[in-house]
Every structure is written in C-alpha cells, then in structure tokens.
**Q** 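Take a look at this one; I'll ask things after.
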Amino acid sequence: MSADPGPISVELAHEPPFRLGALEVRPATGELVWPEGRDVLQPRVMQVLVALAARRGQVVSREALTRACWGGRAVGDDALNRCVAELRRRAGATQAFRLETFP
C-alpha cells in the first residue's frame with residue numbers, strides 16, 4: 001500500500017486558476033497563458049498538471065496520479081507517460097516550471 005495519498009480527484013471545472021511562475025494556468029478552460037503566448041491543453045494533460053501543481057515540490061506517485069486523474073481506473077503506463085511528455089514540452093516552451101522523474 002502506498003503512503004502517498006495524493007489528491008482524491010481533479011475536477012477541472014471546479015479548480016481555480018493558479019500561477020506557475022509567469023505562467024497562468026486556467027484549469028476550467030484548459031488554458032496556459034504566459035507573456036509570450038497562450039495554449040490549450042487536452043483535459044487529461046491539464047488534470048495531471050493540476051494534480052502535480054497541488055503537490056509542488058513533493059514526489060507524486062504514479063498511483064496517486066492515476067487515482068486523481070483517471071479515478072483509479074486501470075490505465076497503461078503509456079497514458080500517463082504521454083501526459084507527462086506533453087507537460088515537459090510545455091515546460092520547455094514556457095520556462096515556467098519543470099518536472100523531475102524519480103525511478
């Protein structure tokens with residue numbers, strides 16, 4: 001059993017906007033807004049970003065992300081890996097945040 005309870009679930013419509021450095025994250029609309037641009041994330045990718053941002057500076061297990069973003073349903077590693085890869089691309093483009101992976 002994991003000691004990491006993680007967020008219970010991420011409901012984008014109920015998540016308030018927040019900032020990551022110069023980046024404004026608007027979960028309800030899926031938007032990322034920064035001084036040089038604006039982009040829209042797919043809902044599942046935004047859920048992963050919100051779940052990670054809620055635990056800033058902490059290690060978040062794959063299981064906690066699965067519970068928060070997929071409601072605990074069994075999903076393949078590829079689904080979460082795809083979301084994290086997309087967030088890494090956005091992190092590089094905006095320079096507003098970074099993701100670290102711990103094996």
Side-chain angles (χ1 to χ4, degrees):
M1 184 165 191
S2 174
D4 175 19
I8 300 301
S9 68
V10 175
E11 298 291 334
L12 295 177
H14 302 291
E15 294 290 334
F18 61 92
R19 298 196 75 77
L20 292 173
L23 181 69
E24 182 180 358
V25 180
R26 301 174 183 167
T29 59
E31 296 174 289
L32 300 178
V33 181
W34 65 99
E36 295 81 28
R38 175 190 170 279
D39 209 349
V40 176
L41 295 180
Q42 294 174 349
R44 190 72 70 195
V45 176
M46 179 60 80
Q47 282 182 305
V48 172
L49 177 59
V50 169
L52 291 171
R55 303 281 301 273
R56 276 182 230 197
Q58 299 177 30
V59 175
V60 181
S61 70
R62 295 178 77 81
E63 293 80 16
L65 288 172
T66 300
R67 280 193 312 273
C69 303
W70 281 270
R73 288 186 297 265
V75 295
D77 285 343
D78 287 348
L80 182 54
N81 292 344
R82 182 190 60 80
C83 291
V84 170
E86 183 63 27
L87 289 174
R88 285 186 196 285
R89 279 192 287 280
R90 302 305 166 92
T94 64
Q95 299 296 306
F97 64 97
R98 67 186 174 118
L99 299 176
E100 293 184 48
T101 299
F102 296 97

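Quick caveat: nothing in here was measured; it's all calculated off a predicted structure.
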**Q** If you look at every heavy atom in Leu23 and Leu32, which pair is closest and at what distance?
**A** CD1-CB, 3.8 Å
**Q** Would you mind reporting whether Met46 and Val10 have side-chain heavy atoms less than 4.5 Å apart?
**A** no
**Q** Which distance, rounded to the nearest 0.5 Å, do you find between the CG of Leu52 and the CG of Leu87?
**A** 7.0 Å
**Q** Testing the basics here: between Thr29 and Val40, what is the closest heavy-atom pair and its distance to 0.1 Å?
**A** O-CG1, 4.2 Å
**Q** Where do Arg89 and Val45 land on the side-chain contact (heavy atoms from CB on, under 4.5 Å) test, with the steps shown first?
**A** CA-CA 12 Å; Arg89 279 192 287 280; Val45 176; over 6 Å; no
**Q** So which heavy atom on Cys83 is nearest to which on Arg44, and how close?
**A** SG-CG, 3.8 Å
**Q** So, for Val50 and Phe18, which heavy atoms are closest and what is the spacing to 0.1 Å?
**A** CG2-CE2, 4.0 Å
**Q** Is Arg90 paired with Glu86 through a side-chain N to carboxylate O contact shorter than 4.0 Å?
**A** yes
**Q** Going by heavy atoms in the side chains, are Val75 and Leu80 under 4.5 Å from each other?
**A** no
**Q** How close do Cys69 and Ala51 get, heavy atom to heavy atom, and via which atoms?
**A** SG-CB, 4.1 Å
**Q** Out of curiosity, His14 NE2 to Glu11 CD, how far, rounded to the nearest 0.5 Å?
**A** 6.0 Å
**Q** For Glu100, check salt bridge (Lys or Arg N to Asp or Glu O under 4.0 Å) against everything at least two apart and list the hits.
**A** Arg98
**Q** Once rounded to the nearest 0.5 Å, what's the spacing between atom CZ of Arg62 and atom CG of Asn81?
**A** 4.5 Å
**Q** Which heavy atom in Val25 sits nearest to a heavy atom in Pro27, and how many Å separate them?
**A** O-CD, 3.3 Å
**Q** Any side-chain heavy atom of Val60 sitting closer than 4.5 Å to one from Phe102?
**A** no
**Q** Are the side chains of Leu49 and Phe97 in touch, meaning some heavy atoms are under 4.5 Å apart?
**A** yes
**Q** Mark yes or no for whether Arg67, through its side chain, and Trp70, through its backbone, hold a donor-acceptor pair below 3.5 Å.
**A** no
